[in-house]
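Just so it is clear, the model here is predicted, and its values are computed rather than measured.
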Amino acid sequence: MELRADFSQRVVVHTEQVPWVPSPMPGVERRMLDRVGDEVARATSIVRYAAGSHFAPHTHGGGEEYLVLDGVFQDEHGDYPAGTYVRNPPTSRHTPRSAAGCTIFVKLWQFAPDDRTPVRARLAAPADQASPGVRRQLLHADAREEVTFEAWAPGAAVERALPGGGELLVLDGAVAIDGEPLGPRGWLRLPVGSALAAQVGPAGAAVWLKTGHLRFAGAPGA
């Protein structure tokens, strides 16, 4: 399966308009944002767990990165409430579940093969003044990429060069990208060599932003 698999193209998805697709496990559904492969895939998705649902035990051969959007995601290693950012590197293993139900934004098979660094971080009020109107919290950085949680001030114009490409998920508020509005859970992918130009709405915005990684986009394991 290939879905929005041309990483040289700009992509905008209003995820609330995307239908839920059942996964192989009862009670677990997905909104697919991009995908290269079938059940084992380089994939970006929003995944919803019904209360009491679970996935079978599995090993992440290409790593797993996720942000809990609502509810509490769980596995044998702990409970992860809304606002938790997690990186499970290649070779990690777990049995995901959710007693009360949850929704997560998740990326699969997008790690360097030799990455063995786990990350557990909680989103907090960003304190680092990155530029006028932009405060940020660094969640993860390595030679391939940088991941941040950012608070954008009402009415701010946010501009950023993206030599390695970038990806943005709106968590709260609203922004306009090249005049196209994006509300909560709106998703944007910008290719290598592009630039982000966003106009923030009157209530401000909170966003998850990942940059640099699209230099390595390709088939699972790339």
Trainee: Measure from the side-chain N and O atoms of R122 to the backbone N and O of G83, and report whether any donor-acceptor pair falls under 3.5 Å.
Mentor: yes
Trainee: What closest approach, in Å, do P81 and T84 show between heavy atoms, and which atom pair accounts for it?
Mentor: O-OG1, 2.6 Å
Trainee: Is there a donor-acceptor contact under 3.5 Å from the side chain of D70 to the main chain of T103?
Mentor: yes
Trainee: I'd like to know if the side chain of S23 and the backbone of M25 have a donor-acceptor N/O pair within less than 3.5 Å.
Mentor: yes
Trainee: Which is it for V68 and I104 under the side chain to side chain contact (heavy atoms under 4.5 Å, CB included) test, yes or no, and what are the steps along the way?
Mentor: CA-CA 4 Å; V68 183; I104 64 174; 4.1 Å; yes
Trainee: Please identify each residue that fulfils salt bridge (Lys or Arg N to Asp or Glu O under 4.0 Å) with D115, with sequence neighbours left out.
Mentor: R87
Trainee: Would you say D178 and V12 make side-chain contact, with heavy atoms under 4.5 Å?
Mentor: no
Trainee: Hey, any chance L67 and L138 share a hydrophobic cluster, counting ILVMFWY side chains that come within less than 4.5 Å of each other, even indirectly?
Mentor: no
Trainee: Under the side chain to side chain donor-acceptor pair (under 3.5 Å) rule, what pairs show up with a residue in residues 165-175, not counting sequence neighbours?
Mentor: K107-E167, E167-W187, E167-H213
Trainee: With the side chain counted from C-beta on, respond yes when L69 and L171 share a heavy-atom pair under 4.5 Å apart, and no when they do not.
Mentor: yes
Trainee: Between P90 and R116, is any pair of side-chain heavy atoms under 4.5 Å apart?
Mentor: yes
Trainee: Are the side chains of L168 and L190 in contact, using a 4.5 Å heavy-atom criterion?
Mentor: no
Trainee: Can I get a per-line list of side-chain donor-acceptor pairs under 3.5 Å for residues 192-206, giving both atom names and the distance, sequence neighbours left out?
Mentor:
{"from": "S194", "atom 1": "OG", "to": "P191", "atom 2": "O", "distance (Å)": "2.5"}
{"from": "Q199", "atom 1": "NE2", "to": "G155", "atom 2": "O", "distance (Å)": "2.8"}

Trainee: Inspect the contact between E145 and R215 and indicate whether a charged nitrogen and a carboxylate oxygen are less than 4.0 angstrom apart.
Mentor: no
Trainee: Could you tell me whether a side-chain N or O of D38 sits under 3.5 Å from a main-chain N or O of A41, the two making a donor and an acceptor?
Mentor: no
Trainee: Calculate, to the nearest 0.5 Å, the distance between atoms CD and CD1 belonging to E29 and I46 respectively.
Mentor: 13.0 Å
Trainee: Which heavy atom of A124 sits nearest to which heavy atom of F149, and what is that distance?
Mentor: O-CE2, 3.2 Å
Trainee: Applying side chain to side chain contact (heavy atoms under 4.5 Å, CB included) to R42 and D34, what does each step give before you reach the verdict?
Mentor: CA-CA 8 Å; R42 183 206 189 280; D34 66 27; 3.8 Å; yes
Trainee: Can you measure from CZ (R10) to CZ (R189) and round to the nearest 0.5 angstrom?
Mentor: 11.5 Å
Trainee: Roughly how far apart are L209 CG and T148 OG1, rounded to 0.5 Å?
Mentor: 4.5 Å
Trainee: Quick one: does V36's side chain get under 4.5 Å of F7's, heavy atoms only?
Mentor: yes
Trainee: Are the side chain of S98 and the backbone of V72 linked by a donor-acceptor contact shorter than 3.5 Å?
Mentor: yes
Trainee: Given the rule that I, L, V, M, F, W and Y join up when any side-chain heavy atoms are under 4.5 Å apart, are L108 and W20 in one cluster?
Mentor: no
Trainee: Answer yes or no: is there a side-chain heavy-atom contact under 4.5 Å between P89 and P118?
Mentor: yes
Trainee: Taking a hydrophobic cluster as the set of Ile, Leu, Val, Met, Phe, Trp and Tyr residues connected by side-chain heavy atoms closer than 4.5 Å, whether directly or through intermediates, do V11 and W109 fall within one such cluster?
Mentor: no
Trainee: If two hydrophobic side chains count as joined below 4.5 Å and joins carry through other members, does V86 share a cluster with L169?
Mentor: no
Trainee: State, to 0.1 Å, how close P24 and F55 come at their nearest heavy-atom pair, and which atoms those are.
Mentor: CD-CZ, 4.3 Å
Trainee: Using the side chain to side chain contact (heavy atoms under 4.5 Å, CB included) rule, take S45 and R35 through it: C-alpha gap first, then chi angles, then the decisive distance, then the call.
Mentor: CA-CA 8 Å; S45 310; R35 197 171 188 91; 4.2 Å; yes
Trainee: By the definition side-chain contact (heavy atoms from CB on, under 4.5 Å), identify the one residue from E16, R185, R48 that meets it with R31.
Mentor: E16
Trainee: In a check of side-chain contact (heavy atoms from CB on, under 4.5 Å) between L182 and each of V207, V13, L188, which one passes?
Mentor: L188
Trainee: Hey, quick one: are Y85 and L33 part of the same hydrophobic cluster, counting side-chain heavy atoms closer than 4.5 Å, chains of contacts allowed?
Mentor: yes
Trainee: Show your reasoning for whether side chain to side chain contact (heavy atoms under 4.5 Å, CB included) applies to M32 and V18.
Mentor: CA-CA 8 Å; M32 298 182 182; V18 175; over 6 Å; no
Trainee: In this structure, is the centre-to-centre distance between the rings of F73 and Y66 below 6.0 Å?
Mentor: yes
Trainee: Would the distance check show the side chain of H58 and the main-chain N or O of A56 forming a donor-acceptor pair, the cut-off being under 3.5 Å?
Mentor: yes
Trainee: Nearest 0.5 Å, please: how far is CG in D128 from CZ in R135?
Mentor: 8.5 Å
Trainee: Are any non-hydrogen side-chain atoms of R30 and V106 less than 4.5 angstrom apart?
Mentor: no
Trainee: Side chains of L123 and Q137: does their closest heavy-atom pair fall under 4.5 Å?
Mentor: yes
Trainee: If the test is side chain to side chain donor-acceptor pair (under 3.5 Å), which one of E64, E65, H77, H60 qualifies with N88?
Mentor: E64
Trainee: So which heavy atom on G27 is nearest to which on S53, and how close?
Mentor: O-OG, 3.6 Å
